[in-house]
Amino acid sequence: MTMIGDDLQQVKNRIALACAEHGRNPAEVRLLAVSKTFGPEAVREAHAAGQRAFGENYVQEALDKIAALADLRAELEWHCIGPLQSNKTRPVAEQFDWVHGIDRLKIAERLSAQRPPHLPPLQVCLQVNVDGGANKSGVPPDEALPLARAVAALPHLRLRGLMAIPEPAPDFAAQRELCLRARAVYDAIRAAGIDIDTLSLGMSADLEAAISAGSTMVRIGTAIFGGRLRKPA
Ligand SMILES: *Cc1c(COP(=O)(O)O)cnc(C)c1O
């Protein structure tokens, strides 16, 4: 197996172990491979090892990669996981399958209006700011429900759930506590009758805490592709 294939397998083992430890069904935790800063060949290698869902943060870098991997397009699922500015929504609506970082209705409205009608609805998650960091992206927890209602009503989007990026915490219990804040918002939206099924939570360093708190999708970069040496242009 290739190195990326080995690393993917190790991440799957970590997910399986965390699920066993916390009474979760591993079939309910999807693995999103975060390929930002890595080239199309790395994605090809992960694809050859069976990986299908890939996350990207930077729109132009992602568009170049999607184009370079056009031959695999039907098999790949592209997720936009970075903050999204309103002047970049059109290519995202046209090229991606999922968007995780929605924290304003205006962005969601643009994505819905710009989603080509021949494509399935764009699958979206609202980003929730569970730490209260003022300069962080994400809607405050108490504004998530009204935003969810508004986004769920847009015609060319399908609201799938929530995404959060908790700050690194000093230990497992503290990390789990931050993850549980996202879970509480997720449960409240479901309890309000909005049909969501995705809690996008957990990265290389905190996937176990995220799974213990109910994550249904972990977004893993470093543990699959290695350390990122550069920020793309
Ligand atoms: C980069 C990134 C990840 C992956 O982080 P790793 O620590 O490399 O696993 C996950 N989610 C988001 C939103 C990211 O920007």
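Note that ligands are numbered from 1 as they come in the structure, with each ligand's atoms numbered from 1 the same way.
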Amino acids contacting ligand 1, non-hydrogen cut-off under 4.0 Å: Val34, Lys36, Asn57, Ile81, Ile165, Met203, Ser204, Arg219, Ile220, Gly221, Thr222, Arg228
Those residues that, when tested against Arg30, pass side chain to side chain donor-acceptor pair (under 3.5 Å) (two or more places apart): Glu77
Side-chain heavy-atom pair Ile81, Val34 within 4.5 angstrom cut-off: yes
Pair Asp7 + Lys12, salt bridge at N-O below 4.0 Å: no
List, one per line, each side-chain donor-acceptor pair under 3.5 Å for residues 142-150, sequence neighbours excluded.
none

Aromatic ring pairing Trp98/His79, orientation class (parallel under 30°, perpendicular over 60°, tilted between): parallel
Salt bridge (Lys or Arg N to Asp or Glu O under 4.0 Å) partners of Glu167, counting only residues at least two apart: Lys136
